[in-house]
Amino acid sequence: MKITKPLWDGEFRCLAGDCPDTCCAGWEIPVDEQSAQRLSTMEGALGKRLREALITVDGEVQFARRDGRCVLLNKNNLCDLYAACGEKALCRTCHLHPRFVAQYGGRREIMPGLSCPAWVETYLMRDEPVTFITEETDEEITDYTDIDGALFFRLMKGRGKAMELVQDRSIPIEERLRQLLEMAQELDGEEEGACTQNDVLAAYIEKLGSLEILTPAWEELVKTHGGKGAAQADRSQPWEGFRAAVAEKLLVYDLFRFMLQGVYTGRVLPWVKMAVFHVLTVLKLGNNCETREKLCEVARLYSKEIEHCVENQEALYRSFCRRSGRYSVAGLLRGMEELG
């Protein structure tokens, strides 16, 4: 098994009770069948509590929540199951979080999610370009995925070139975005139509507001700082400084996480357009952020809302399958112009 992940993954450390957020609140926590069986047979007071915590919703086993928080999460924002039994007792979801895992035949790719404050600090707040490492393990491949090998390796090569491009700091970041979109169109062999609408960025923020909202902080951010009536920061160079640095990191993150999904959907351009959309909307929502830390918090909230909600992710993907209008390449380029 070949496992690829960012070099900095080895530096990641959970903030536990010191975390300003918690991964055990705000969303559903599915429990895999094997873990559910194991946890439901535990003895003692903890076993009784676990059996009460395991519920079934729409055929899926989950941990019950109270006021949006997992019932196993104590007042110190620590997991009582982890405290009592250690990491080995956790279900697959909790064991992997905040890492996303993608499997492509004998290749596994791992990327910690930007919804995690610790990974934001490790990844988004650094100035160095991102480096990925690949390790070969003796792990037996038990879950084969039915993919087109030729397409997969073509996308792998294309992704490598794309990540090299977006980290080429001799090119202005907005020009890197344009070239990235052109590269994705060439990979797909597609040509798209024009965008005749105005206020593209306002429409993008409105779209985000129409999706499922997971946290009050995100709802307030979209309501207050997005759309036509939002206050605008007085900046003559919106693509410079820490904004360009954050945009670059977001692009690398999204390309690594999503570009190879084109092997399943047959199209890579919608995934690349989503990556550019991510950058544009984060910069738009963070138009008044005076520090890198504040802009990174906007990116973190975006990740928590979109990446951890399948329905939201699918809704955006469907939008970017359109070949004309605001969600086309032409629409994204217009959004870049509106941003400044």
Side-chain angles (χ1 to χ4, degrees), residues 19-28 65-69 77 98 113-117 119-120 124-125 177 195 197-235 238-239 242-243 246-247 249-251 253-254 273-320 322 325-328 331-332 334-340:
C19 184
D21 198 353
T22 175
C23 53
C24 305
W27 45 42
E28 297 171 349
R65 293 181 293 167
R66 185 182 302 113
D67 297 327
R69 293 163 57 90
N77 275 353
L114 286 176
S115 63
C116 174
W119 185 242
V120 167
L124 277 187
M125 291 297 295
L177 287 169
C195 172
Q197 297 100 324
N198 296 316
D199 298 316
V200 169
L201 287 180
Y204 288 170
I205 305 304
E206 184 178 352
K207 175 68 174 181
L208 291 175
S210 72
L211 302 176
E212 182 178 350
I213 301 293
L214 301 181
T215 63
W218 175 252
E219 184 175 29
E220 182 64 21
L221 181 66
V222 171
K223 179 181 178 181
T224 304
H225 298 289
K228 300 177 185 178
Q232 297 294 318
D234 183 17
R235 295 194 316 276
W239 296 98
F242 68 80
R243 297 174 187 281
V246 171
K249 287 293 196 301
L250 291 176
L251 285 171
Y253 176 87
D254 278 358
K273 290 196 292 184
M274 278 180 62
V276 175
F277 173 87
H278 183 175
V279 169
L280 293 182
T281 51
V282 165
L283 292 180
K284 170 66 174 175
L285 290 169
N287 56 11
N288 289 326
C289 291
E290 298 175 349
T291 66
R292 185 168 182 166
E293 289 85 354
K294 291 181 178 179
L295 184 60
C296 287
E297 176 62 9
V298 174
R300 190 186 74 82
L301 290 172
Y302 178 101
S303 173
K304 188 166 185 174
E305 294 289 327
I306 305 303
E307 290 187 87
H308 294 275
C309 180
V310 174
E311 292 78 12
N312 285 348
Q313 205 173 109
E314 289 179 346
L316 280 184
Y317 178 81
R318 288 193 298 271
S319 294
F320 284 107
R322 302 173 192 171
R326 292 189 178 102
Y327 295 95
S328 66
L332 288 164
R334 179 163 296 185
M336 289 171 57
E337 294 173 359
E338 291 179 4
L339 192 63

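From a predicted model like this one, the values you see are computed outputs, not experimental measurements.
When every heavy atom of D21 is checked against every heavy atom of P117, the shortest pair comes out as CB-CG, 4.2 Å. A pairwise comparison of heavy atoms in L211 and A315 identifies CD2-CB, 3.7 Å as the closest pair. The two residues K249 and L124 have their closest heavy-atom pair at CB-CD2, 3.5 Å. Across all non-hydrogen atoms, the minimal contact from L208 to I213 is O-CD1, 4.2 Å. Considering all non-hydrogen atoms of both residues, E212 and L214 come closest at OE2-CD2, 3.7 Å. Residue N198 comes nearest to E338 through the heavy atom pair C-OE2, 4.0 Å, listed as atom of the first residue, atom of the second, then distance.
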Exercise for the section: Assess whether side chain to side chain contact (heavy atoms under 4.5 Å, CB included) is satisfied between D254 and M274, documenting all intermediate values. Expected result: CA-CA 8 Å; D254 278 358; M274 278 180 62; over 6 Å; no

Practice task
Applying side chain to side chain contact (heavy atoms under 4.5 Å, CB included), run through L177 and L251 and close with a yes or a no.
Solution key: CA-CA 9 Å; L177 287 169; L251 285 171; 3.5 Å; yes

Practice task
Begin with the C-alpha distance, continue with both residues' side-chain angles, and end with the deciding distance and a verdict on side chain to side chain contact (heavy atoms under 4.5 Å, CB included) for L295 and L283.
Solution key: CA-CA 8 Å; L295 184 60; L283 292 180; 4.0 Å; yes

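Looking at E293 and V120, their side chains never come closer than 4.5 Å, going by heavy atoms from C-beta outward.
The OH atom of Y302 sits 5.5 Å away from atom NE2 of H278, with the distance rounded to the nearest 0.5 Å. Distance CZ/R65 to SG/C24: 11.5 Å, rounded to 0.5 Å. Distance check: C23 SG to H308 NE2 gives 9.0 Å after rounding to the nearest 0.5 Å. Once rounded to the nearest 0.5 Å, the distance linking CZ of F242 with SG of C289 reads 7.0 Å. One finds the CZ atom of R292 at 5.5 Å from the CE atom of M125 (value rounded to the nearest 0.5 Å). The distance from the CG atom of L301 to the CD atom of E220 is 11.5 Å, given to the nearest 0.5 Å.
Between R300 and E297 there is a salt bridge, since at least one side-chain N of the basic residue sits less than 4.0 Å from a carboxylate O of the acidic one.
The aromatic rings of Y204 and F277 lie perpendicular to each other, with more than 60° between the two planes, well past the 30° mark.
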